[in-house]
Amino acid sequence: MTETSEAAKPQVAADAPRVLKVALLGGGTVGSQVARILVDHAEALAARAGARLALEGIAVRNIGAPRDVELPRELYTTDAEGLVASADLVIELMGGIEPARTHILAALRHGASVVTGNKALLAQDGATLFDEADANDAELNFEAAVAGAIPIIRPIRESLSGDRITRVLGIVNGTTNFILDAMDTTGAQFADVLAEAQRLGYAEADPTADVEGLDAAAKAAILASLAFHTRVSLDDVRCEGITKVSAADIAAAQDAGLTIKLLAIAELVRGESGSEGVSVRVHPTLLPRTHPLAAVRGAYNAVFIEAENAGSLMFYGAGAGGAPTASAIMGDVVTTARRIVAGSPGRTGTATRFLPMVGPEGITTSYSIGLEVSDQPGVLSRVASVFAEHGVSIETMRQEIDGAGAEAGVAPLADGARASTSTASRAQLRFVTHRASEAALAATVADIKNLDVVESVTSVLRVEGV
Ligand code: NDP
Ligand code: HSE
């Protein structure tokens, strides 16, 4: 062999870094940060991924719009379709259902893998995307879709795949946690805190998806699908937002050593027949102030998991924001690139069974019910008898005068509840029940509303963790 022998040539070819063509769809809050990391940390990423990640282009609507990150102008394009067609790896950060869905399906169909943070699309039509990925031996990763920077998808999908998760409780919406936390700290009403959150940029001009719980519901559907190896879509999630939570509810919670959080709750439940099902819901929830989730302040997120063998686990961190969310996206990008480089087959979805959804009739929870009543003899016993008629057991009862949290003397109730007495003509009563079904509770509340001594039912909140 000479010095320019044949042996030297493959040596050069083998050393040449492999290049993966990356298409970025969306150059907004998250997309611009992803582009920054791809460009600024190209060498480190290449070393970790085993291939150079070549940013081929960034699809946007308006090429001339000002951007958070300065990048070469020629990277921007409005031709998302063309960008996708030649990519090995597509990062979808447009958001919304269409055209994101079409672009993701096109990428998967030609064998490209996809990384996305699009919870709305995954919760609405994740099954179609996973089936397409499976059919084409491609990979679909979405760590950023739930709780921003917090590693939660991979721990559920991989680390806990040998365990049996029984329950997931999550604070997965930063906007609502910011609002509830501020109400708890300042005593202000929801509308005032929302306005402040909008002024500070925590809440969007149209806050509906956040405050009505829809954003959290999409994330709950994704978490439930992964945790229980089944398919749960947005339509399966019962959802109630925080718009009805009042300063009085917050004050009453504080008096009782509780706090109010918007929780996404997914749990395995056994129906009356003994068969297993899934309940997924989002609603404002009273939690003991000692519960780990009660310590989650401001716009932070946390997910609390109960698993048969691991016990309780909590994952905490920034649930949104350009750079934090880009961190989760880039973790998926490197992992996906490694798989492409290794030539290993795409991972399939994790749904291995079909579990039926369990409706309100199959769920038992404790409730806190606030009432405004006439403060006269016999009212308590009339209200208490309605609870008894529906088999709902009262755990505690407090009476407040004029809703100001004032508490008078405490008198025992026959069923062990504690009552306080006052001489005001109107009184606020707050009952906390033992666990009862939603159906029994709804019937109780409906009958209580019809009592002539009851002015109004001021709130009905579920209690967890007691
Ligand atoms: P932005 O609205 O800030 O950015 C969206 C980007 O997509 C923009 O660059 C926009 O272009 C582009 N785009 C939208 N529609 C089209 C279209 N039809 N054709 C071409 N380009 C389009 O969104 P975010 O960065 O905040 O969010 C992106 C995704 O990440 C969403 O799915 C979101 O749910 C998810 N996510 C976001 C988090 C966050 O904190 N922001 C947290 C976790 C997940 P142009 O700039 O020209 O308007
Ligand atoms: N709007 C969401 C929140 C951020 O407030 O947490 C993205 O999911």
Is the count of non-hydrogen atoms from other residues, nucleotides or ligands lying under 6.0 Å from E389 atom CD greater than 12?
-> yes
Using the side-chain contact (heavy atoms from CB on, under 4.5 Å) rule, pick out the option among N173, L214, V237 that qualifies with V282.
-> V237
Under 3.5 Å donor-acceptor pairs involving side-chain atoms of residues 263-271, not counting sequence neighbours:
unit_1 : atom_1 : unit_2 : atom_2 : d
E267   : OE1    : R167   : NE     : 2.8
E267   : OE2    : R281   : NH1    : 2.9
E267   : OE2    : R281   : NH2    : 2.9
R270   : NH1    : G274   : O      : 2.7

Crowding at OH, Y202 (>12 non-hydrogen neighbours, <6.0 Å) = no
From CG (D181) to CE (M183), nearest 0.5 Å | 11.0 Å
List the steps, then state whether side chain to side chain contact (heavy atoms under 4.5 Å, CB included) holds for D184 with Q254.
-> CA-CA 8 Å; D184 189 77; Q254 287 176 347; 3.2 Å; yes
Could you walk me through whether R338 and S344 pass side-chain hydrogen bond (donor to acceptor under 3.5 Å, both in side chains), step by step?
-> CA-CA 9 Å; R338 283 179 183 151; S344 38; over 6 Å; no
Can you tell me how far the OG1 atom of T365 sits from the CG atom of L461, to the nearest 0.5 Å?
-> 12.0 Å
Is there a donor-acceptor contact under 3.5 Å linking the side chains of S113 and E139?
-> no
Is it true that R382 and D452 make a salt bridge, defined as a side-chain N closer than 4.0 Å to a carboxylate O?
-> yes
Nearest 0.5 Å please: distance from the CZ atom of F228 over to the CD atom of E276.
-> 9.0 Å
Output for pair (Q399 CD, D375 CG), nearest 0.5 Å, gives 4.5 Å
Considering only NZ, NE, NH1 and NH2 on the basic side and carboxylate oxygens on the acidic side, decide whether R462 and E438 come within less than 4.0 Å.
-> yes
With rounding to the nearest 0.5 Å, note down the distance linking NZ in K244 to OG in S459.
-> 11.0 Å
F142 and F130 aromatic centres sub-6.0 Å = yes
Any side-chain hydrogen bond (donor to acceptor under 3.5 Å, both in side chains) pairs touching residues 320-335, not counting sequence neighbours?
-> R154-D332
What is the distance from atom OG1 of T175 to atom CG of L194, rounded to the nearest 0.5 Å?
-> 9.5 Å
Does a donor on one side chain and an acceptor on the other come within less than 3.5 Å for S233 and D235?
-> no
